Amino acid sequence: TDWAIALHGGAGTLSREAMTPEREAEYTASLQAALDAGAAILAEGGTAEDAIVAVITILEDDPLFNAGRGAVLTWDGGISHDASIMLGDSRAAGATAGTSTVRHPILLAQEVMRDGRHVFLSGAGAEEFADRTELERMEPEWFITQPRVEALERYRANSTASLADDEHRYG
Amino acid sequence: TVGAVARDRHGNLAAGTSTGGMTGKRWDRIGDAPIIGAGTYADNRACAVSATGTGEYFIRANVASSICNLMRLTGMGPREAADNLMAEVAELGGSGGVIVVSPQGEAAFSFNTSGMYRGRANSEGLNEVAIFAEE
């Protein structure tokens with residue numbers, strides 16, 4: 001095999017019964033588009049690095065997936081993205097955590113890798129590093145989607161309820 | 001979480017992962033996605049891995065680099081090595097999945113949930129996407 005690529009968009013409790021045919025078609029189309037973009041780069045002799053970055057940036061922009069736009073929200077309803085990248089020939093690597101303005105977190109991780117002084121930056125420091133790059137920055141509203149707002153409300157309601165139970169449990 | 005792994009015509013491997021983490025996370029919680037060796041790893045001698053799932057368990061089991069070490073040190077294929085680590089994650093109480101590509105260009109999945117959004121393609125004409133475990 002000359003070239004190969006694999007992608008994922010997250011794993012969890014997924015059942016055909018719980019997913020409408022339309023929803024399944026949406027996810028399938030998104031996965032196919034991202035896969036074909038990566039495969040096209042490799043088929044033309046492009047690098048593995050370019051291929052995975054192409055796939056991940058497409059999925060980061062797709063609100064169906066938990067990354068970039070449409071990622072899940074923090075307890076406070078905020079944005080906190082994490083990403084990492086690694087190359088097999090040099091074992092160069094870059095990672096960022098807790099960023100909230102960079103449209104494509106995987107590109108920030110790539111910038112950290114290319115800078116080469118560090119591997120892992122987080123929070124305000126990672127944002128400050130991003131200020132020195134040309135990477136696109138977005139307002140929170142761009143990242144936040146209604147389904148994720150509702151998911152957070154359900155999560156907080158459940159968490160609060162279970163806390164209350166805890167109190168009882170301790171008598 | 002989203003991720004991709006690839007082997008190109010020059011024989012180089014690469015892995016990447018990106019995520020929003022878990023709903024309602026507090027205290028600036030970080031899972032496995034940005035941690036090299038847990039959620040992402042690539043080594044031309046062995047493999048490229050990207051993981052998704054309950055990050056705390058993927059960190060504890062050091063999943064991504066362990067899959068590579070199994071493949072490099074024992075000659076195990078990507079699916080078997082990935083299944084080994086996913087069994088360990090399950091034993092610890094975690095769940096999720098991994099995608100792996102080998103230096104020979106084998107692309108494999110392994111996951112212990114009812115579904116994983118996934119896809120793979122290669123120069124032999126393989127091109128497939130799937131969602132549910134039974135696909």
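Source: prediction; values computed, not measured. We name chains A, B, ... by the order of the sequence lines, and we start the count at 1 in each one.
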Heavy-atom pairs under 4.5 Å with chain A, option from [options] with the top count:
options: Ala48(B), Ser50(B), Ser95(B), Gly53(B); result: Ser50(B)
options: Ser114(B), Ala51(B), Gly39(B), Ala33(B); result: Ser114(B)
options: Asp43(B), Thr19(B), Thr113(B); result: Thr19(B)
options: Gly115(B), Pro34(B), Ala4(B), Gly20(B); result: Pro34(B)
options: Arg120(B), Arg118(B), Arg7(B), Arg45(B); result: Arg7(B)

Side chain, backbone, both or neither: which part of [X] has a non-hydrogen atom closer than 4.5 Å to chain A?
X: Ala133(B); answer: neither
X: Phe132(B); answer: side chain
X: Ala121(B); answer: both
X: Asn12(B); answer: both
X: Ala46(B); answer: neither
X: Val101(B); answer: side chain
X: Glu134(B); answer: side chain

Rounded to the nearest 0.5 Å, how far does CE of Met86(A) lie from CD1 of Ile36(B)? 6.0 Å

In terms of heavy-atom pairs under 4.5 Å with chain B, which of [options] leads?
options: Gly9(A), Gly88(A), Gly98(A), Gly46(A); answer: Gly88(A)
options: Asp50(A), Val55(A), Leu73(A); answer: Leu73(A)
options: Ser30(A), Ala34(A), Ser80(A); answer: Ser80(A)
options: Gly70(A), Ala93(A), Ala43(A), Ala51(A); answer: Ala43(A)
options: Leu42(A), Ile79(A), Thr13(A), Asp89(A); answer: Asp89(A)

What part of [X] is in contact with chain B, defined as an atom under 4.5 angstrom from a non-hydrogen atom: side chain, backbone, both or neither?
X: Ala39(A); result: side chain
X: Thr96(A); result: backbone
X: Val119(A); result: side chain

Residues of residues 16-25 of chain A with any heavy atom under 4.5 Å of a heavy atom in chain B: Arg16(A), Met19(A), Glu24(A)

Can you tell me how the ring of Tyr117(B) sits relative to the ring of Tyr27(A), calling it parallel under 30°, perpendicular over 60° and tilted otherwise? parallel

Name the residue from Ile52(A), Thr47(A), Ile5(A) that meets the side-chain contact (heavy atoms from CB on, under 4.5 Å) definition with Asp8(B). Thr47(A)

